[in-house]
Amino acid sequence: MRLTHFGHSCILVEHLGKKILFDPGNFSHGFEGITGLDAILITHQHPDHADPARLPALLDANPGAALYSDPQSANLLEGDWSPVRPGDRFAVGDLTIRGSGGRHAVIHPDLPVIDNTVFIVGDAENPARLMHPGDSLYIPNEKVDVLALPAAAPWLKIWEAVDYLRAVNPRLAVPIHQGIITDQANGIFYGRYSDMAPEGTEFRVLEHESDVEV
């Protein structure tokens with residue numbers, strides 16, 4: 001499996017001949033010229049995960065891509081989006097993708113909690129080859145191979161992310177959702193996650209726009 005991080009929560013997964021793009025939002029850059037996508041997946045409606053200004057051009061450049069999102073985004077976004085709820089599953093080639101979770105993390109009790117679909121990508125060897133939790137700390141209670149780990153967010157404390165990383169206990173964790181902090185501050189967060197990851201978990205920062213085999 002190959003991963004490319006386009007900043008914040010946008011990652012491209014290439015596996016078993018299929019190309020799947022997650023969360024092309026307005027804090028992410030470099031995904032604009034991608035073609036040949038088999039699927040585009042949106043975890044939730046916030047613009048840092050689904051950029052309404054650039055999504056139409058991305059869809060036009062990838063007319064064969066299947067479109068999947070949380071139920072609320074399916075009603076809000078332009079295009080023929082299929083809503084994915086917890087318990088739903090669908091195939092992209094030889095990959096099986098499941099929806100789980102369902103709710104965005106609480107930002108503040110006074111704010112409404114929106115839909116957030118966690119996507120779990122699996123193959124014949126591992127039903128949880130990769131998990132993208134969107135804006136949530138969803139624990140799947142199964143062995144996740146690669147976790148896209150939210151690194152910094154208005155709804156997140158470092159200790160919560162560390163405990164989440166330990167609870168999921170993946171083989172590999174790659175940080176996402178770091179677009180709200182400056183590059184100079186990344187080390188504060190990344191150093192904690194690297195030092196406090198559970199034994200056997202590799203914490204690896206993906207270089208922007210460089211595809212990496214994982």
Side-chain angles (χ1 to χ4, degrees), residues 3-13 20-32 34 37 39-59 62 65-86 88 97-121 130-140 147-158 160-161 164 168 173-183 185-186 189 206 208-209:
L3 299 182
T4 307
H5 189 200
F6 292 101
H8 205 54
S9 289
C10 184
I11 58 173
L12 174 67
V13 177
I20 302 171
L21 186 70
F22 288 86
D23 282 7
N26 60 5
F27 292 168
S28 303
H29 302 281
F31 66 81
E32 299 86 352
I34 298 177
L37 290 174
I40 301 171
L41 277 55
I42 302 293
T43 60
H44 65 283
Q45 63 187 266
H46 287 157
D48 57 321
H49 295 258
D51 184 357
R54 289 181 293 170
L55 264 178
L58 181 67
L59 269 55
N62 293 274
L67 309 178
Y68 298 97
S69 73
D70 66 284
Q72 289 177 338
S73 294
N75 292 325
L76 295 171
L77 297 173
E78 295 184 19
D80 187 16
W81 295 86
S82 297
V84 181
R85 298 172 176 83
D88 289 347
I97 303 175
R98 291 174 287 146
S100 201
R103 305 299 284 168
H104 192 285
V106 175
I107 300 173
H108 189 278
D110 289 351
L111 299 175
V113 179
I114 61 171
D115 288 349
N116 181 95
T117 296
V118 175
F119 289 107
I120 302 174
V121 180
L130 177 139
M131 184 172 75
H132 193 307
D135 280 10
S136 76
L137 298 178
Y138 172 76
I139 300 171
L147 170 66
L149 174 69
W155 46 269
L156 183 66
K157 300 182 180 73
I158 284 183
E160 292 174 318
Y164 178 59
V168 177
V174 296
I176 61 169
H177 211 281
Q178 83 302 343
I180 67 166
I181 55 177
T182 65
D183 291 341
N186 284 346
F189 295 84
L206 302 182
H208 189 78
E209 292 189 53

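For the single chain, residues carry numbers from 1 onward in sequence order.
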Only counting residues at least two apart or in another chain, list the ones meeting ring-ring contact (aromatic ring centres under 6.0 Å, His included) with [X].
X: F22; answer: H132
X: F119; answer: none
X: F27; answer: H8

For the residue pair [X] and [Y], establish whether any side-chain heavy-atom pair is separated by less than 4.5 Å.
X: D70; Y: I114; result: no
X: L130; Y: I120; result: no
X: I180; Y: D48; result: no
X: L58; Y: L37; result: yes
X: L21; Y: F6; result: yes

Considering all heavy atoms, the nearest [X]-[Y] contact:
X: A50; Y: H44; result: CB-O, 4.1 Å
X: I34; Y: N62; result: O-ND2, 2.9 Å
X: F189; Y: I181; result: CD1-CD1, 3.5 Å
X: P24; Y: C10; result: CA-SG, 3.8 Å

Q72: what forms a side-chain hydrogen bond (donor to acceptor under 3.5 Å, both in side chains) with it, not counting sequence neighbours?
-> Q45
Mind checking what makes side-chain hydrogen bond (donor to acceptor under 3.5 Å, both in side chains) contact with S100, not counting sequence neighbours?
-> Y138
Side-chain donor/acceptor of N116 to backbone N/O of G101, under 3.5 Å =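 No: the side chain of N116 does not pair with the backbone of G101.
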Kindly state each residue pair satisfying side chain to side chain donor-acceptor pair (under 3.5 Å) with at least one member in residues 21-30, sequence neighbours excluded.
->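 Those involving residues 21-30 are D23-T43, D23-H49.
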Taking side chain to side chain contact (heavy atoms under 4.5 Å, CB included) as the definition, give me every residue that meets it alongside [X], ordered by chain and number, with sequence neighbours left out.
X: A105; value: W155
X: D88; value: V84, R85
X: S69; value: I42, S73, A74, W81

E32: salt bridge (charged side-chain N to carboxylate O under 4.0 Å, His left out) partners, not counting sequence neighbours =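 E32 satisfies salt bridge (charged side-chain N to carboxylate O under 4.0 Å, His left out) with R54 once adjacent residues are dropped.
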Hey, could you give me each pair passing salt bridge (Lys or Arg N to Asp or Glu O under 4.0 Å) that has a residue in residues 106-118? Not counting sequence neighbours.
->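 Counting only pairs at least two positions apart or across chains, the salt bridge (Lys or Arg N to Asp or Glu O under 4.0 Å) contacts touching residues 106-118 are R103-D115.
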For side chain to side chain donor-acceptor pair (under 3.5 Å), just list the numbers for H104 and D135, CA-CA rounded to whole Å, side-chain angles, deciding distance to a tenth of an Å, and then say yes or no.
-> CA-CA 6 Å; H104 192 285; D135 280 10; 3.0 Å; yes
